[in-house]
Participant: 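Supplied in structure tokens, the structure appears directly below.
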Amino acid sequence: MNSENTVLCLSRDADVVERFASPLRWSHPRISVRATTRLDEAVAEINSGTIDCVIADQMTIETESEVLGAIREQYPSVPLLVVSSTDLDGDSTVSEVVDFLDLDEESDKTALGGWVANAVVRGSGSAARPVGTSPEDMVHDIKRLLVDASSPMDIEHAVCNQLTDGGRYTFAWVGEYDAGERQVVPWVMSTAPDGWPTSRTFGVGPNAPDNVLNELLRRRKSQIVTDIDSYPASLPWRSAALEQDCRAAAFFPLVENDDLHGVLGVYTDSSDGFTDIELDVLEEIAGTTAHVLDSIAVRGEIDQQERVLERYERLVETVGDGMYALDAGGHFMTVNNGLLEMTGYSREGLLGEHVSILLDDDDIERRRKTIDRLEGTHDQEKEAIEITINCKDGTTVPCENQIALLPRGDSHRGTVGVLRDITERKKRERELERQNERLEAFASIVSHDLRNPLSVAQGYVDLATEQVGELESLDNVRAGLDRMEDIIGDVLALARHGQTVTETEQLQLDDVASDAWSNVTTEQARIEIETSEPIAADRSRLLRSFENLFRNSIQHGRADVTIRVGMLSDVGGSVSGDSGRSAGFYVEDDGPGMPEEIRENAFDSSFTTSDEGLGIGLWVVKEVASAHGWTVSVAESDSGGARFEFRDVRAHPE
């Protein structure tokens, strides 16, 4: 609607004409009002084509056929609005009437401007009664529509459509401020005039061109552009606004609780721009819109948190382990299905009850001490202890209890925990204990019942040698007995230490290698320790492994074999990695080495290449490596001998 829209107010009664014209003049400044009581003047105005809408009282329309005839000539370009307390009778009249308005109620007078404005813009095809266009009505209508707004589309309909409805303003838009992308993203839908480009975003910030939005966002104050054509800085849709004959524009920050949510922009084609009353109304509308946007954002955060909470609750309920939350006094606040299944209690049977319903005094005391330790440190978030759960049916379940404290901001700080049934683990531990007992008994048998007769046999060999002198047969017997002693030592090492290393210490590679060398009959052989670094290992097992490797090199190599020990280097040349593991270490010799087909089976306990064979020694080497979590392989050294490489070796104890 523009300033050329002209409304003709017609009645034989001068007072009635003034009742029509007066509210139109003050409620809608862009309606030009012509009022007359002269029928001939009214007919001439209608026939001239300068009238956009006629408003008349019922009596005049019913009695003056000349006026109705003139309207018929111009219909439907000239809508006819009839003010009456009752609808007119007769099809000849109703066909030209757009709507009827009952002005008996005082409140309806304020709606007259909007009623007429919509008739002008929408034409004769609309029979919908419009809303009021006084400042109070516009604010009221927008607030009413914003009450249930939950999306940008709702806000666009409630704010922008209402601002442009009936031609109040040429265009209105709400844009979201994206702080991360440093831009304003408008929501543009049905409010844009034909030909108005809507797919736009507007950059803001230091790197953006001088823009009215920069000043608005920086100061968070409204920016009023009284003359779009001469405004020095750029503004959104300047070209489109000028093509639509817009004269002025107003931009309002949408701020609530110090949070900037976006921008409201309004354009007008009025030659007078925005009046002070209009700016006050738009400022109030912007404030209401900001409040609604803030509420939508808060609701969105709450919905997201609820979804996250729902996912966590679903996760907790589907976990097989028992989970719970206790208040500061040790009473159950939350339990999951896993705990109910484990204990046999119902949810109602546990909620509110003290934890002592499931634990005895000793376990309660252990929990208390654990919580005290967690309270006293900021580094440790949780701790695991073993407890026994007393079920409802009188049975017990051994559990591992992971305990953690609720956040410190919780005024009623309690604990949360996870209970894992370790019945099977306890069974395995008991079985392992029984196996260890059997191994210890076996080791005792080997140590005493085998070594004693072995020592006796070695003594008789020495005695026979003294009596009859050196004999080849006695040398063979002595070698066999020494071999038996080595095998007994290997078997004892495996039997007494088990298959897994549970505790390690930091050792220097050269120290352990030197000690092992001193335990071996080396004859003419010699050792070279090329490099050394700390490694984490069980000393006795590593010592045994080195002894076996040294014996293997001496027995299967030359009498003057040279054995080298050192650290492996990684790709970058460093022996220590960032993960706390060294690249590893090696033991090699310059003996005849091992053919490839022998290397493939060297670590098998049953593998042998001769009567003496490799025996159990290299198998023990592999078992020691596996017990530490290392890998061991055999290759050829640079000098053609055997090279054993140990990898995945930790530099520090766990």
Side-chain angles (χ1 to χ4, degrees), residues 1-7 27-32 50 52-53 77 79 113-114 116-123 125-126 130-131 133 135 138 142 152-153 155-176 184-203 209-213 216 222-252 262-275 277-279 281-283 285-286 289:
M1 182 173 179
N2 56 53
S3 58
E4 300 300 324
N5 294 130
T6 303
V7 176
S27 66
H28 210 303
R30 288 181 291 174
I31 294 178
S32 177
T50 60
D52 298 297
C53 179
S77 61
V116 172
N118 274 8
V120 172
V121 173
R122 297 176 180 179
S126 174
V131 297
T133 56
M138 186 164 58
I142 289 176
M153 183 177 295
I155 294 176
E156 177 77 18
H157 173 72
V159 178
C160 301
N161 287 3
Q162 290 299 309
L163 289 175
T164 58
D165 196 17
R168 295 186 182 100
Y169 299 105
T170 305
F171 180 49
W173 59 277
V174 174
E176 178 184 4
V184 175
V185 183
W187 306 329
V188 178
M189 289 174 282
S190 60
T191 60
D194 293 339
W196 192 287
T198 57
S199 300
R200 291 287 306 277
T201 59
F202 303 101
D210 188 17
N211 192 307
V212 67
L213 297 180
L216 179 144
S222 304
Q223 301 296 306
I224 310 302
V225 178
T226 56
D227 188 345
I228 295 176
D229 190 27
S230 62
Y231 188 71
S234 64
L235 56 87
W237 289 300
R238 178 200 292 269
S239 298
L242 292 175
E243 290 176 3
Q244 295 288 334
D245 296 325
C246 293
R247 305 294 181 85
F251 304 93
F252 305 89
V263 177
L264 170 64
V266 183
Y267 300 74
T268 180
D269 58 9
S270 173
S271 58
D272 298 328
F274 298 98
T275 66
I277 294 177
E278 286 180 288
L279 292 177
V281 168
L282 293 174
E283 194 83 49
I285 292 172
T289 305

Participant: If only atom types and distance count, is the side chain of E278 paired as donor or acceptor with the main-chain N or O of T275 below 3.5 Å?
Facilitator: yes
Participant: Considering residues at least two apart in sequence or located in another chain, which fulfil the ring-ring contact (aromatic ring centres under 6.0 Å, His included) criterion with F251?
Facilitator: Y267
Participant: How close do N211 and L235 get, counting heavy atoms only, and between which atoms?
Facilitator: OD1-CA, 4.3 Å
Participant: Could you go through the side chain to side chain contact (heavy atoms under 4.5 Å, CB included) check for V174 and C160 one step at a time?
Facilitator: CA-CA 7 Å; V174 174; C160 301; 3.9 Å; yes
Participant: So, R238 side chain and I228 main chain: donor-acceptor pair closer than 3.5 Å or not?
Facilitator: yes
Participant: Just how far is it from atom CZ of R247 to atom CG of D272, taken to the nearest 0.5 Å?
Facilitator: 9.0 Å
Participant: Which heavy atom of Q244 sits nearest to which heavy atom of T170, and what is that distance?
Facilitator: CB-CG2, 4.1 Å
Participant: Going by heavy atoms in the side chains, are V212 and S234 under 4.5 Å from each other?
Facilitator: no
Participant: Do T6 and D52 have side-chain heavy atoms sitting under 4.5 Å apart?
Facilitator: yes
Participant: Quick one, F171 and C246 - any side-chain contact, counting heavy atoms below 4.5 Å?
Facilitator: no
Participant: Before giving the answer on side chain to side chain contact (heavy atoms under 4.5 Å, CB included), spell out for I155 and T289 the whole-Å C-alpha distance, their side-chain angles and the decisive distance to 0.1 Å.
Facilitator: CA-CA 8 Å; I155 294 176; T289 305; 3.9 Å; yes
Participant: Under the side-chain contact (heavy atoms from CB on, under 4.5 Å) rule, collect the residues that match up with D229, sequence neighbours excluded.
Facilitator: D227, L242
Participant: Using side chain to side chain contact (heavy atoms under 4.5 Å, CB included), reason through L163 and L282 one step at a time and then give a plain yes or no.
Facilitator: CA-CA 9 Å; L163 289 175; L282 293 174; 3.7 Å; yes
Participant: Taking side-chain hydrogen bond (donor to acceptor under 3.5 Å, both in side chains) as the test, write out the residues that go with E283, two or more places apart.
Facilitator: S222
Participant: Is W173 close to V263 at the side-chain level, that is, under 4.5 Å between some pair of heavy atoms?
Facilitator: yes
Participant: Is the shortest side-chain heavy-atom distance between V184 and T201 below 4.5 Å?
Facilitator: no
Participant: Would you please name every residue forming a side-chain contact (heavy atoms from CB on, under 4.5 Å) with A250, sequence neighbours left out?
Facilitator: I224, F252, F274, L279
Participant: Tell me if a side-chain donor or acceptor on D245 pairs with a main-chain N or O of D269 at a distance below 3.5 Å.
Facilitator: no
Participant: After noting the C-alpha distance and the side-chain angles of E243 and W237, does the key distance pass the side chain to side chain contact (heavy atoms under 4.5 Å, CB included) rule?
Facilitator: CA-CA 10 Å; E243 290 176 3; W237 289 300; over 6 Å; no
Participant: Quick one: does P236's side chain get under 4.5 Å of L213's, heavy atoms only?
Facilitator: yes
